[in-house]
Amino acid sequence: MSRIEPKLFVVSGPSGAGKGTLVALARKRHPSLGLAVSATTRKPREGEIDGVSYFFLSPDEFKRRVDANEFVEWAHVHGNCYGTLVSEVRRNFDKGSSLILEIDVQGALQVKEKFPDSVLIFIKPPSLEELEQRLVGRGTETPESIALRLENARGELALAERYDEVLVNDDLETACSGLLRIIDAYERN
Ligand code: 5GP
């Protein structure tokens, strides 16, 4: 009989590829899958809650934590700092269940170096045109932020080949089933 082994899954992809919605749906269907809350120097958006959406830190506080080695990985993304706290990874692993990190490509490659057994999953939008439409439709970003996110998307897409798995998020239900199949396959391996 195959055994379930807790794994570290890392999901990345361009801003607007639908990672957040996809991961939230996958976690509803696989409730034991833990999520690490990241830290960021970005200002909270309307409705975001400190300690739930992110730990919102000042640039000084973020730097203090970098210097104190409190991050598994961190990176500059779209003009702000984002990072995964060691304490968040520990908190989840102590529960004995798999953990999912939703982080950018620079962070994902740092995680793979530290944890070679981690599974990198890249979420692709159907096209760059579709990505732009989603970012505009989201209504949370300024035109400058959208332009920056689109420019960064090109660089991120070029790194997809360094990932263990690539999923196209065309239809949420199909992508969610695909993500759960990948998680299941690695947990049983
Ligand atoms: P947003 O500002 O839209 O919440 O996130 C912007 C980007 O930051 C996303 O692509 C997301 O994957 C990335 N991000 C979020 N948390 C982390 C983290 O802890 N580390 C890294 N490296 N990137 C992160």
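Just so it is clear, the structure is predicted and the values come from calculations on it, not from any experiment. Just the heavy atoms: all of them, side chains too, but no hydrogens, waters or symmetry mates, feed the values below.
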Between the main-chain N or O of [Y] and the side-chain N or O of [X], is there a donor-acceptor pair closer than 3.5 Å?
X   : Y   : value
E73 : T84 : yes
E88 : V37 : yes
T41 : C81 : yes
S32 : S97 : no
E48 : R45 : yes

Residues R90, D94: salt bridge by 4.0 Å N-O rule: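 No, R90 and D94 are not salt-bridged.
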Lys/Arg-Asp/Glu bridge criterion (N-O < 4.0 Å) met for E141, R42: no
What's the separation between atom [atom1] in [X] and atom [atom2] in [Y], rounded to the nearest 0.5 Å?
X    : Y    : atom1 : atom2 : result
L148 : H78  : CG    : NE2   : 6.5 Å
C176 : R27  : SG    : CZ    : 12.0 Å
D50  : T40  : CG    : OG1   : 11.0 Å
N169 : R134 : CG    : CZ    : 5.0 Å
D60  : F62  : CG    : CZ    : 12.5 Å
L22  : E173 : CG    : CD    : 10.0 Å

Testing the basics here: between [X] and [Y], what is the closest heavy-atom pair and its distance to 0.1 Å?
X    : Y    : result
S15  : L131 : O-CD1, 3.4 Å
Q106 : H76  : NE2-O, 2.9 Å
V72  : Q110 : O-OE1, 4.5 Å
S127 : E130 : OG-N, 3.1 Å
A175 : L167 : O-CD1, 3.7 Å
S12  : Y163 : OG-OH, 2.7 Å

By side chain to side chain contact (heavy atoms under 4.5 Å, CB included) - contacts of E5 (at least two apart): R3, K7
D164: side chain to side chain contact (heavy atoms under 4.5 Å, CB included) partners, not counting sequence neighbours: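 By the side chain to side chain contact (heavy atoms under 4.5 Å, CB included) rule, D164 matches K112, V119, L120, Y186.
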Apply salt bridge (charged side-chain N to carboxylate O under 4.0 Å, His left out) to [X] and list each qualifying residue two or more places apart in sequence or on a separate chain.
X    : result
E156 : none
R162 : none
K114 : none
R181 : none

Single-linkage hydrophobic cluster F56~V66, side-chain heavy atoms < 4.5 angstrom: no
Passing candidate, side chain to side chain contact (heavy atoms under 4.5 Å, CB included) with L8, options V111, D117, I100: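 Only one option passes, and that is V111.
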Audit row: I103, Y82, side chain to side chain contact (heavy atoms under 4.5 Å, CB included) steps and yes/no: CA-CA 8 Å; I103 65 178; Y82 293 81; over 6 Å; no
S87 side chain to R91 side chain, donor-acceptor N/O pair below 3.5 angstrom: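 There is no such pair (donor and acceptor under 3.5 Å, judged by atom type) between the side chains of S87 and R91.
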Working for side chain to side chain donor-acceptor pair (under 3.5 Å), residues E187 and H30: CA-CA 12 Å; E187 281 184 333; H30 191 316; 3.3 Å; yes
Crowding at NZ, K95 (>12 non-hydrogen neighbours, <6.0 Å):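 For K95, atom NZ is crowded (more than 12 foreign heavy atoms under 6.0 Å).
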NZ (K124) with more than 12 external heavy atoms under 6.0 Å: no
